[in-house]
Colleague: 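The structure under discussion is supplied below as structure tokens; questions concerning it will follow.
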Amino acid sequence: MRRRATAIGSAGALVTATLIAGAVSAPAASATPAGGHGHARGQDREARGAAIAAALAARAGIDWQDCAADWNLPKPIQCGYVTVPLDYAKPFGKQIKIAVDRIGNTGGKSARQGALIYNPGGPGGSGLRFPARVTGKNAVWAKTAEAYDFVGFDPRGVGHSAPISCVDPQEFVKAPKADPVPGSEADKLAQRKLAREYAEGCFERSGEMLPHMTTPNTARDLDVVRAALGEKKLNYLGVSYGTYLGAVYGTLFPDHVRRMVVDSVVNPSRDKIWYQANLDQDVAFEGRWKDWQDWVAANDATYHLGDTRAEVQDQWLKLRAAAAKEPLGGVVGPAELISFFQSAPYYDSAWAPTAETFSKYVAGDTQALVDAAAPDLSDTAGNASAENGNAVYTAVECTDAKWPTDWRTWDRDNTRLHRDHPFMTWANAWMNLPCATWPVKQQTPPDVKTGKGLPPVLIVQSERDAATPYDGAVELHQRFKGSRLITERDAGSHGVTGLVNPCVNDRVDTYLLTGKLDGRDVTCAPHATPKP
């Protein structure tokens with residue numbers, strides 16, 4: 001998953017949590033446009049359309065070129081495009097282009113095993129930085145890079161792949177946004193109005209794309225990219241939402257998979273995609289937030305924020321109250337604070353920098369926190385990317401599955417959760433509320449399951465992941481027969497395969513290089529705890 005938006009504010013949503021994924025059904029469940037054919041017929045037509053598009057792509061290949069300067073991808077990374085149908089039920093209808101990039105394997109022709117395609121999550125994350133793991137000499141991936149070309153892509157709607165938008169980017173990042181925690185019914189009504197306006201903005205700015213912004217369609221795009229690369233079978237690494245994309249791909253195209261690693265798993269149950277998954281996330285974030293507070297308290301000699309979790313929480317509540325009364329620097333209110341502080345529950349790597357900035361604030365340096373948490377209105381490209389990422393996140397989750405349309409359901413569930421899990425609950429609710437008034441037909445998620453020809457899949461998960469709770473990995477493990485689950489015990493970073501933990505790293509390398517898995521599931525000790 002990638003970081004996602006947290007609170008609907010003055011003009012839309014703001015970037016904060018990461019996210020999750022959903023379910024799939026063989027042979028090709030996908031979005032059927034509003035007014036389209038029945039579900040089964042739609043699946044059949046989309047399956048045929050995907051086969052046609054893949055055959056055309058295999059013949060066309062990819063015209064690899066040096067990457068455009070504004071893509072910021074250093075040589076020898078190369079870039080290109082793959083053409084796919086907007087609507088797989090109409091394979092010869094409107095086409096869009098999917099941006100891809102690659103770097104060749106480092107071990108020479110004799111070592112090469114094909115392309116390894118990567119998705120970092122979201123929905124809305126770009127995978128184009130993946131080949132930079134080779135140019136940057138990332139030691140964790142050095143052995144795998146000897147055997148595989150590293151291939152990244154922008155999923156449909158993202159970045160350079162027919163990007164969508166829901167609101168003006170400068171309006172999107174404008175701060176401060178409203179306090180996510182409502183203090184009155186009027187506050188809730190105002191947030192509901194903003195959510196409805198955001199959904200309407202998505203339709204006004206990107207209406208042609210919205211019915212087709214689904215995980216099954218992105219999975220079909222992935223198969224067309226595979227074919228364009230000249231690969232008979234897919235080698236795939238998916239993190240966060242990328243695990244759901246992989247689960248859907250494995251369900252739709254089980255005999256097209258060669259090797260698949262999924263890391264930090266979205267629960268693929270139809271009962272979870274996507275409303276319940278977000279509620280589950282709120283509970284998990286609260287747990288990981290407390291883990292970070294315990295660590296800060298244990299390092300009170302460095303941070304001076306309190307030597308118990310309760311004292312650290314008290315400092316947080318004081319900060320939050322101060323920002324609610326008067327935004328720090330005029331731009332950092334509670335919504336912006338959540339966007340900044342949520343990095344700590346997401347990633348261990350953010351524990352020390354977040355604590356250091358917090359410590360400076362308590363010691364009297366407000367500017368350090370303002371610099372860290374306030375949006376940079378001068379970063380036009382970055383703001384456009386953030387707005388686009390949030391638009392794709394919203395479009396995919398809202399179109400993938402049916403959401404409650406009755407506000408009373410949202411109010412009841414989030415009020416109940418907020419009592420014991422206040423850190424993320426209301427911020428997450430407002431971010432997702434556009435799905436309650438979504439202007440295009442919402443689909444039925446596919447039923448993720450093992451299909452004929454699916455090889456063993458490697459699943460990697462930390463035990464206390466906030467963005468994708470552990471139960472999701474267990475659920476996918478049960479659905480993908482023959483899969484193996486590696487659990488990183490007593491750890492909670494989101495995205496395990498990129499961390500230094502030989503117990504995990506060696507098994508990922510072995511699987512990708514030889515196809516071999518342990519005879520049973522494996523529990524690894526945690527990676528090193530961050531140091532102040």
Side-chain angles (χ1 to χ4, degrees), residues 3 6-7 14-18 175-176 179-181 282 284-329 331-376 420-425 427 462-467 488-496 498-501 525-532:
R3 297 277 303 282
T6 177
L14 166 82
V15 179
T16 188
T18 74
D179 188 338
V181 178
D282 298 337
F285 260 102
E286 194 70 30
R288 195 59 178 161
W289 173 246
K290 291 176 179 176
D291 289 349
W292 175 71
Q293 291 179 322
D294 286 339
W295 179 85
V296 172
N299 290 284
D300 184 54
T302 300
Y303 300 118
H304 311 294
L305 293 167
D307 59 10
T308 66
R309 180 201 300 168
E311 290 177 349
V312 178
Q313 175 71 359
D314 186 55
Q315 292 283 12
W316 160 251
L317 294 176
K318 288 179 181 177
L319 167 60
R320 200 189 179 292
K325 183 177 181 180
E326 183 176 350
L328 310 179
V331 290
V332 176
E336 290 72 31
L337 289 177
I338 292 174
S339 289
F340 172 68
F341 277 89
Q342 72 165 355
S343 295
Y346 259 113
Y347 311 108
D348 288 5
S349 59
W351 279 16
T354 305
E356 182 179 357
T357 301
F358 192 11
S359 177
K360 287 180 178 179
Y361 168 81
V362 171
D365 183 0
T366 299
Q367 192 59 43
L369 183 54
V370 172
D371 291 343
D376 180 1
D420 295 321
H421 310 92
F423 178 67
M424 281 291 299
T425 295
S462 66
E463 197 172 40
R464 294 184 60 75
D465 190 324
E488 193 184 28
R489 173 177 47 81
D490 297 330
S493 258
H494 188 62
V496 178
L499 303 174
V500 177
N501 186 338
H527 62 275
T529 302
K531 298 199 181 310

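Index from 1, following the sequence.
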Colleague: With distance as the sole test, does Glu336 use its side chain to make a donor-acceptor pair with the main-chain N or O of Gly333 at under 3.5 Å?
Modeller: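 Yes: the side chain of Glu336 pairs with the backbone of Gly333.
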Colleague: Got a donor-acceptor contact below 3.5 angstrom from the Glu488 side chain to the His527 backbone?
Modeller: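 Yes.
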Colleague: Which heavy-atom pair separates Pro526 from Asp490 by the least distance, and what is that distance?
Modeller: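 In this case the closest contact between Pro526 and Asp490 is CB-O, 3.9 Å.
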Colleague: Is there a donor-acceptor pair under 3.5 Å between the side chain of Glu463 and the backbone N or O of Ala491?
Modeller: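 A pair under 3.5 Å: no.
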Colleague: State, with a plain yes or no, whether a side-chain heavy atom of Arg320 is found less than 4.5 Å away from one of Asp179.
Modeller: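 In short, these two side chains touch, coming nearer than 4.5 Å.
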Colleague: Is it true that Asp294 and Lys290 have a side-chain N and a carboxylate O under 4.0 angstrom from each other?
Modeller: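 No, no charged N to carboxylate O under 4.0 Å.
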Colleague: Mind checking whether Val362 and Leu305 have side chains closer than 4.5 Å, heavy atoms only?
Modeller: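 Result yes, sub-4.5 Å side-chain heavy-atom pair found.
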Colleague: I'd like to check Pro530 versus Tyr347 (side-chain heavy atoms, cut-off strictly below 4.5 Å). Are they in contact?
Modeller: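 No; the side chains remain at least 4.5 Å from each other.
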Colleague: Could you grab the distance from atom CG of Asn299 to atom CH2 of Trp351, nearest 0.5 Å is fine?
Modeller: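 That separation rounds to 10.0 Å.
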Colleague: Should the pair Phe341 and Phe358 be assigned to parallel (<30°), tilted (30 to 60°) or perpendicular (>60°) ring geometry?
Modeller: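 Aromatic pair Phe341/Phe358 classed perpendicular.
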Colleague: Provide the closest heavy-atom pair for Arg464 versus Gly287 in the form atom of the first, atom of the second, distance.
Modeller: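 In this case the closest contact between Arg464 and Gly287 is NH2-O, 3.3 Å.
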Colleague: Report the distance from atom NZ of Lys531 to atom CH2 of Trp295, rounding to the nearest 0.5 Å.
Modeller: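 Rounded to the nearest 0.5 Å, the NZ-CH2 separation comes to 10.0 Å.
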Colleague: Ser359 side chain to Ala355 main-chain N or O, any donor-acceptor pair under 3.5 Å?
Modeller: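 Here the side-chain-to-backbone pair does not exist.
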Colleague: Is the backbone N or O of Thr529 less than 3.5 Å from a side-chain atom of Asp348, with the two atoms forming a donor-acceptor pair by type?
Modeller: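 Judged by distance alone, no pair lies under 3.5 Å.
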Colleague: When rounded to the nearest 0.5 angstrom, what is the spacing between CG in Asp300 and CG in Asp307?
Modeller: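 Going from the CG atom of Asp300 to the CG atom of Asp307 covers 5.0 Å.
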Colleague: So, applying side-chain contact (heavy atoms from CB on, under 4.5 Å) with Pro334, which one of Pro176, Pro327, Pro180 is it?
Modeller: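 Going through Pro176, Pro327, Pro180 one by one, the side-chain contact (heavy atoms from CB on, under 4.5 Å) with Pro334 is satisfied by Pro180 alone.
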Colleague: Taking atom OH of Tyr303 and atom NZ of Lys360, what is their separation to the nearest 0.5 Å?
Modeller: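 Between Tyr303 OH and Lys360 NZ, I get 11.0 Å after rounding to 0.5 Å.
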Colleague: Could you grab the distance from atom CG of Asp376 to atom CG of Asp371, nearest 0.5 Å is fine?
Modeller: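 Here the interatomic distance stands at 10.0 Å.
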Colleague: What is the distance from atom CZ of Phe423 to atom CZ of Arg288, rounded to the nearest 0.5 Å?
Modeller: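 Answer for the CZ-CZ pair, Phe423 versus Arg288, is 12.5 Å.
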Colleague: Can a donor-acceptor pair be found, under 3.5 Å and without considering hydrogens, that links the side chain of Ser462 to the backbone of Ser493?
Modeller: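 Between the backbone of Ser493 and the side chain of Ser462 there is a qualifying donor-acceptor contact (under 3.5 Å).
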Colleague: Quick one: are Val332 and Phe340 in side-chain contact, heavy atoms under 4.5 Å?
Modeller: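 No, every pair of side-chain atoms sits at 4.5 Å or beyond.
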Colleague: Would Val312 and Arg309 count as a side-chain contact (heavy atoms from CB on, under 4.5 Å) if you check the C-alpha gap in whole Å, the side-chain angles of each, and the deciding distance to 0.1 Å?
Modeller: CA-CA 5 Å; Val312 178; Arg309 180 201 300 168; 5.7 Å; no
Colleague: Parallel, tilted or perpendicular, judged at 30° and 60°: which one describes the rings of Trp289 and Trp316?
Modeller: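 If you compare the ring of Trp289 with that of Trp316, the planes turn out perpendicular.
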Colleague: Checking Leu319 against Leu369 for the side-chain contact (heavy atoms from CB on, under 4.5 Å) test, could you report, in this order, the C-alpha distance in whole Å, the side-chain angles of both residues, the deciding distance, and whether it holds?
Modeller: CA-CA 11 Å; Leu319 167 60; Leu369 183 54; 3.7 Å; yes
Colleague: Is there a side-chain contact between Val296 and Gln293 in this structure, where contact means two heavy atoms from C-beta onward sitting under 4.5 Å apart?
Modeller: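 Answer no - side chains too far apart.
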